[in-house]
Engineer: 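I have a structure here, written as structure tokens, and I will follow up with some questions on it.
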Amino acid sequence: MAVSEERPVGIDELLERVRAGYARVAPREAYEAARSGEALLVDIRYAALRERDGLIPGAVVVERNELEWRLDPQGSHRLPEATDHDLRVVVICNEGYASTLAAESLHRLGLHRATDLTGGFQAWRAAGLPVTS
């Protein structure tokens, strides 16, 4: 295993670096993109949060530990929606932190239009956008 000469970075710096590589979307923009069929909303929150706070209508629920397998267009376990690398995916976590790292992982798989929701589900709900229980 090669030893890195780079200094270790903390999570805040890592998030800043990752976010500099793509444009995140605000709740209203994500809503409009999904409504028009231009984006696939992917909710990666764990079950307890979904049960507590509700769901975004039309969002696909994919647990974080399955995300890459479900969205890789070349994968044998992909979702029907994961047809090519040009798919615009908006990853949604609870507050917009884990989704950043998830979007970066999708970029590494070639999903170059993957992004995440600024503020996560909590920002979506605060914006008054649809939520079902």
Engineer: Sequence neighbours excluded, which residues qualify as salt bridge (charged side-chain N to carboxylate O under 4.0 Å, His left out) partners of Glu63?
Structural biologist: Arg50
Engineer: Which residues pass the side-chain contact (heavy atoms from CB on, under 4.5 Å) test with Ala127, not counting sequence neighbours?
Structural biologist: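 Checked Ala127 against side-chain contact (heavy atoms from CB on, under 4.5 Å); matches are Pro27, Leu129.
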Engineer: Does atom CZ of Arg108 have more than 12 heavy-atom neighbours from other groups under 6.0 Å away?
Structural biologist: no
Engineer: I'd like to check the side-chain contact (heavy atoms from CB on, under 4.5 Å) partners of Val9; sequence neighbours left out, ordered by chain and number.
Structural biologist: Arg7, Glu13, Leu14, Arg17
Engineer: Do Leu40 and Leu87 come within less than 4.5 Å of each other through their side chains, counting heavy atoms only?
Structural biologist: yes
Engineer: How long is the straight-line distance from CD of Glu51 back to OH of Tyr46, given to the nearest 0.5 Å?
Structural biologist: 11.0 Å
Engineer: So which atom in Gly96 and which in Asp116 form the shortest heavy-atom distance, rounded to 0.1 Å?
Structural biologist: O-OD2, 3.8 Å
Engineer: Of all heavy-atom pairs between Ser105 and Glu68, which one has the smallest distance, and what is that distance?
Structural biologist: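 Closest heavy-atom pair between Ser105 and Glu68: OG-OE2, 2.5 Å.
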Engineer: Output the rest of the hydrophobic cluster of Val61: all Ile, Leu, Val, Met, Phe, Trp and Tyr residues reachable through side-chain heavy-atom contacts under 4.5 Å, sorted by chain and number.
Structural biologist: Leu55
Engineer: Could you list the residues that satisfy side-chain contact (heavy atoms from CB on, under 4.5 Å) with His107, not counting sequence neighbours?
Structural biologist: Tyr22, Ala114
Engineer: Would you compute the distance between atom CG of Leu15 and atom CG of Leu101 and round it to the nearest 0.5 angstrom?
Structural biologist: 5.5 Å
Engineer: Who are the side chain to side chain donor-acceptor pair (under 3.5 Å) partners of Asp86, not counting sequence neighbours?
Structural biologist: His112
Engineer: Return the set of residues passing side-chain contact (heavy atoms from CB on, under 4.5 Å) with Leu67 (not counting sequence neighbours), or none when no residue passes.
Structural biologist: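 By the side-chain contact (heavy atoms from CB on, under 4.5 Å) rule, Leu67 matches Val42, Ile44, Val62, Arg64, Leu71, Ala102, Leu106.
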Engineer: List for me each residue that meets salt bridge (charged side-chain N to carboxylate O under 4.0 Å, His left out) alongside Glu29, sequence neighbours excluded, and say none if there are none.
Structural biologist: Arg88
Engineer: Tell me which pairs pass ring-ring contact (aromatic ring centres under 6.0 Å, His included) where either residue lies in residues 74-101, with sequence neighbours left out.
Structural biologist: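 Not a single pair qualifies under ring-ring contact (aromatic ring centres under 6.0 Å, His included).
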Engineer: I need the full list of salt bridge (charged side-chain N to carboxylate O under 4.0 Å, His left out) pairs touching residues 70-82, with sequence neighbours left out, sorted by first then second residue.
Structural biologist: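 Every salt bridge (charged side-chain N to carboxylate O under 4.0 Å, His left out) pair that includes a residue of residues 70-82, provided the two are not neighbours, is Glu66-Arg70.
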Engineer: If hydrophobic clusters are built from ILVMFWY residues whose side chains come within less than 4.5 Å, do Leu41 and Val89 share one?
Structural biologist: no
Engineer: Can you confirm whether Ser99 sits close enough to Thr115 that some side-chain heavy atom of one is under 4.5 Å from a side-chain heavy atom of the other?
Structural biologist: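 Side-chain contact under 4.5 Å: no.
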Engineer: A quick test of your reading: do over 12 heavy atoms of other residues, nucleotides or ligands sit less than 6.0 Å from CD of Glu16?
Structural biologist: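 No.
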Engineer: Do Val18 and Leu117 sit in the same hydrophobic cluster, where Ile, Leu, Val, Met, Phe, Trp and Tyr count as joined when their side-chain heavy atoms come under 4.5 Å apart?
Structural biologist: no
Engineer: By the ring-ring contact (aromatic ring centres under 6.0 Å, His included) test, which pairs, at least two apart or in different chains, include something from residues 48-69?
Structural biologist: none
Engineer: Going by salt bridge (charged side-chain N to carboxylate O under 4.0 Å, His left out), name the pairs with one or both residues in residues 122-133, residues two or more places apart or in two chains.
Structural biologist: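 As it turns out, the salt bridge (charged side-chain N to carboxylate O under 4.0 Å, His left out) pairs with a partner in residues 122-133, which skip direct neighbours, are Asp53-Arg125.
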Engineer: Closest heavy-atom contact between Ile92 and Gly120?
Structural biologist: CG2-C, 4.1 Å
Engineer: For residues Val60 and Val131: do they belong to one hydrophobic cluster (side chain heavy atoms under 4.5 Å, members Ile, Leu, Val, Met, Phe, Trp, Tyr)?
Structural biologist: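 No, Val60 does not connect to Val131 through the hydrophobic network.
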Engineer: Would you say that Phe121 contacts Leu49 through its side chain, given a criterion of any heavy-atom pair below 4.5 Å between the two side chains?
Structural biologist: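 A side-chain contact is absent here, since even the closest heavy-atom pair is not under 4.5 Å.
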